[in-house]
Amino acid sequence: MSLQEQIDLSKLPKHVAIIMDGNGRWAKKRMLPRIVGHNNGVKTVRKIVEFAAKLNIQVLTLYAFSTENWQRPKDEVSGIMTLLKTYLKSELNTLIENQVSLRVSGDISKMSDDIQKELKDAMDKTKDLKGLVLNVALNYGSRQEILMACKSLIDKGIKNPTEKDFEDCLYTRGLPDPDLLIRTSNEKRISNFLLWQIAYTEIYITDVLWPDFNEEEFCKAILDYQKRDRRFGKV
Ligand code: FPP
């Protein structure tokens with residue numbers, strides 16, 4: 001039986017979040033510039049988005065660019081931005097064909113005007129689609145998100161907020177919390193990603209580098225998740 005056939009479709013994670021790590025190391029191993037690693041990372045993004053949509057996963061969150069990533073060398077940052085723009089342009093039709101609805105978590109007002117325009121256009125054209133929600137974390141930092149939510153609560157005059165009030169102020173409002181968080185390239189860190197949302201998320205770390213990650217590796221993560229006993233603090 002193939003790995004995909006072993007997946008119990010009645011116990012799929014609703015929301016899978018991924019820290020896509022290892023593009024730089026993938027390139028370094030081949031003595032190639034880091035941007036070639038990112039380029040191949042985008043190929044993996046295409047594969048995994050299509051596969052997650054096919055499996056009927058509800059939400060896929062990808063950590064594409066953190067608030068800290070601006071500190072990388074200028075040409076790496078601009079290279080990633082160009083890749084993002086190209087992805088949005090070239091993939092929009094495929095996203096629509098696969099009923100994928102695009103969302104962004106993060107402060108995109110700090111991104112260039114043309115990227116903001118592409119993002120808004122893609123979100124607008126896919127907002128009513130009923131398939132996978134592809135939530136791309138861009139200029140995202142979880143501490144910044146939590147502070148933003150606190151400020152929104154103050155602005156709304158909510159003095160005694162419930163968890164729901166707080167969640168309504170996060171970028172992820174309306175989305176279920178991630179059931180499964182995957183991190184590639186064997187780093188055992190959370191890196192300021194979805195700190196509130198992953199309170200009870202199952203974590204899966206693989207040593208596969210993101211450009212080498214594929215449908216089979218995604219199945220392995222889901223199968224591992226399906227073996228876990230999720231107790232949410234109960235016995
Ligand atoms: C991590 O590898 C990768 C990133 C920080 C950037 C990921 C961005 C993309 C794949 C492109 C744009 C995204 C989309 C959704 C189209 P790393 O550079 O941290 O690798 P290293 O730890 O081996 O150096």
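For ligands, and for the atoms within them, numbers begin at 1 and follow the listed sequence. Because the structure is a prediction, the values reported are computed rather than measured.
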### Task
Could you tell me whether E215 and K54 have a side-chain N and a carboxylate O separated by less than 4.0 Å?
no
### Task
Quick one: look up the protein heavy atom nearest atom 4 (C) of ligand 1 and list residue, atom name and how far away it is.
H38 CE1, 3.9 Å
### Query
Once the angle between the rings of F232 and Y200 is folded into 0 to 90°, is it parallel (under 30°), tilted (30 to 60°) or perpendicular (over 60°)?
tilted
### Query
Can you tell me if S185 has a non-hydrogen atom under 4.0 Å from ligand 1?
no
### Task
Using only heavy-atom distances, determine whether the side chains of W196 and D177 contain a donor-acceptor pair under 3.5 Å.
no
### Message
When you compare the side chains of S78 and D75, does any donor N or O come within less than 3.5 Å of an acceptor on the partner?
### Response
no
#### Entry: Ligand-residue contact atoms, ligand 1 with G24, heavy atoms, under 4.0 Å
17 (P), 18 (O), 20 (O), 21 (P), 23 (O), 24 (O)
### Task
Compute the shortest N/O to N/O distance between D21 and ligand 1 and return yes if it is under 3.5 Å, no if not.
yes
### Task
With heavy atoms of A64 as the reference, note each atom of ligand 1 found under 4.0 Å away.
6 (C), 7 (C), 8 (C), 13 (C)
### Task
Say whether K28 and ligand 1 are in contact under the criterion: heavy-atom distance to a ligand atom below 4.0 Å.
no
### Message
Name the residue from D212, T206, D207 that meets the side-chain contact (heavy atoms from CB on, under 4.5 Å) definition with L209.
### Response
D212
### Message
Between E167 and K164, does any NZ, NE, NH1 or NH2 come within less than 4.0 Å of an OD or OE carboxylate oxygen?
### Response
no
### Query
Side chain, backbone, both or neither: which part of R72 comes within less than 4.0 Å of ligand 1 when only heavy atoms are counted?
side chain
## Note on the structure
re atom 10 (C) of ligand 1, the protein heavy-atom contact at minimum distance is N23 ND2, 3.7 Å
### Message
Return the closest protein heavy atom for atom 1 (C) of ligand 1 as residue, atom name and distance.
### Response
M20 O, 3.0 Å
### Query
Closest non-hydrogen protein atom to atom 16 (C) of ligand 1, residue and atom name please, with distance?
Y87 CG, 3.5 Å
### Message
Checking side-chain polar atoms at under 3.5 Å, does T67 have a donor or acceptor matched by the opposite partner on Q144?
### Response
no
### Task
Going by heavy-atom distance to atom 24 (O) of ligand 1, choose the closest among K29, R34, E91.
R34
### Message
Looking at D107 and K110, is any side-chain nitrogen of the basic one under 4.0 Å from a carboxylate oxygen of the acidic one?
### Response
yes
#### Entry: Presence of salt bridge, D124 and K120, under 4.0 angstrom
no
### Sub-4.0 Å atoms of ligand 1 with respect to non-hydrogen atoms of N69
5 (C)
### Query
Any N or O on R25 sitting closer than 3.5 Å to an N or O of ligand 1?
yes
### Query
What's the shortest distance from atom 14 (C) of ligand 1 to any protein heavy atom, and which residue and atom give it?
L84 CD1, 4.1 Å
### Message
Could you tell me if D179 and H15 have a donor-acceptor pair between their side chains, going purely by distance under 3.5 Å?
### Response
no
### Message
Show me which atoms of ligand 1 lie under 4.0 Å from any heavy atom of V42.
### Response
11 (C)
